[in-house]
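In what follows, a single structure is set out as structure tokens and then discussed.
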Amino acid sequence: MNNDLASLADVLDRAAETIDRNGWIQDDFYDFTQSQVTGKEPKDCRVCAYGAIHIALTGRPQCPEEDGPDPDEAAYAVMYGVRSAGKTF
């Protein structure tokens, strides 16, 4: 397996572990209500697949705009199994 595929597999493994640990939610990066009611950090709440990939890449379920020119670029690349120009996973 080449390095890109190994890195992609690692990100997806970490995302799957996050969903196993936190639980799954649909239609949102993370369960905002769970965070508000329980006081849990967003990274510890139920997440969708996209939110889990963001946690695997950045430690947060949703990247803020100030993280770079396109914070979703790496997550999109992982979701579609392609390497993003200039990004390493």
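Judged as a salt bridge (Lys or Arg N to Asp or Glu O under 4.0 Å), not a single pair has a partner in residues 48-57 (not counting sequence neighbours). Evaluation of the side-chain hydrogen bond (donor to acceptor under 3.5 Å, both in side chains) test over residues 28-49, restricted to residues two or more places apart or in two chains, returns Asp31-Arg46.
For the atom pair Asn22 CG and Cys45 SG, the distance stands at 7.5 Å (nearest 0.5 Å).
Of all heavy-atom pairs between Ile19 and Ala49, the closest is CD1-CA, 4.0 Å.
Below 30°, between 30° and 60°, or above 60°: for His54 and Phe29 the angle between ring planes is above 60°, a perpendicular geometry.
Hydrophobic clustering (side-chain heavy atoms under 4.5 Å, transitive across Ile, Leu, Val, Met, Phe, Trp, Tyr) groups Ile53 together with Leu8. Ile25 is not connected to Tyr50 by any chain of hydrophobic side-chain contacts under 4.5 Å among Ile, Leu, Val, Met, Phe, Trp and Tyr, and they are in different clusters.
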